[in-house]
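Written out below as structure tokens is the structure these notes cover.
None of the values given here were measured: they were computed from a predicted structure.
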Amino acid sequence: MTAVLWIWGITLGLVTLIIVPVAIVLLQRTLRAASAIERYTREALDAGLGIARNTEAVKALEETIAAAGSLLEASQKLAGRTDVIAKAVGTKRG
């Protein structure tokens, strides 16, 4: 029975003096790594939101270009009509 108690005591001592401190150190490293990952993720999210805000103008620009195409067609038709009217009135467009 004494040998069992000695083995149990030595095992308990090893766990207390070696395994628990090693586990604590490893858990602290894991916590630091997780904190760093969280910080980098937050920075990446902020950067991504900034990119999204800055590229919103591209959509508006595409809409402007589409509108400009129809405006160009209308202005060409208007120029043609103006020429017809100018010839009818006898003046030159300028």
Side-chain angles (χ1 to χ4, degrees):
M1 184 73 165
T2 305
V4 172
L5 290 176
W6 273 101
I7 294 172
W8 182 78
I10 291 171
T11 304
L12 184 62
L14 288 174
V15 167
T16 304
L17 296 175
I18 296 174
I19 295 177
V20 170
V22 169
I24 290 172
V25 168
L26 292 175
L27 286 172
Q28 287 175 339
R29 285 184 184 177
T30 304
L31 180 62
R32 276 190 301 239
S35 297
I37 290 170
E38 182 182 10
R39 185 175 63 248
Y40 296 146
T41 303
R42 196 175 317 117
E43 290 173 3
L45 176 62
D46 291 341
L49 291 174
I51 290 169
R53 278 191 303 272
N54 291 334
T55 56
E56 286 177 354
V58 173
K59 182 178 177 183
L61 182 60
E62 289 173 352
E63 292 171 1
T64 303
I65 290 170
S70 63
L71 288 174
L72 180 62
E73 291 176 23
S75 67
Q76 289 171 344
K77 288 179 183 178
L78 185 60
R81 306 284 175 166
T82 305
D83 286 339
V84 170
I85 294 171
K87 286 180 185 175
V89 175
T91 60
K92 290 187 179 181
R93 189 174 66 126

Below 3.5 Å, can you tabulate the donor-acceptor pairs from side chains in residues 23-38 to any protein atom, sequence neighbours excluded?
from : atom 1 : to  : atom 2 : distance (Å)
T30  : OG1    : L26 : O      : 2.8
S35  : OG     : L31 : O      : 3.0

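With R53 as the partner, the side chain to side chain contact (heavy atoms under 4.5 Å, CB included) test is satisfied by one option alone out of T55, I51, L49: L49.
Summarising the geometry, atom CG belonging to D83 is positioned 11.5 Å from atom CZ belonging to R81; distances are rounded to the nearest 0.5 Å. Atom OG1 of T64 is separated from atom CG of L71 by 10.0 Å, given to the nearest 0.5 angstrom. Taken from CG in L17 to CG in L12, the straight-line distance is 9.0 Å, to the nearest 0.5 Å. In this structure, OG1 in T11 is found 7.0 Å from CD1 in I7, a value given to the nearest 0.5 Å. Taken from CZ in R42 to CG in D46, the straight-line distance is 8.0 Å, to the nearest 0.5 Å. Note that the CD atom of E62 and the NZ atom of K59 stand 9.0 Å from one another [nearest 0.5 Å].
Every residue was checked against the side-chain contact (heavy atoms from CB on, under 4.5 Å) condition with A44, not counting sequence neighbours, and none meets it.
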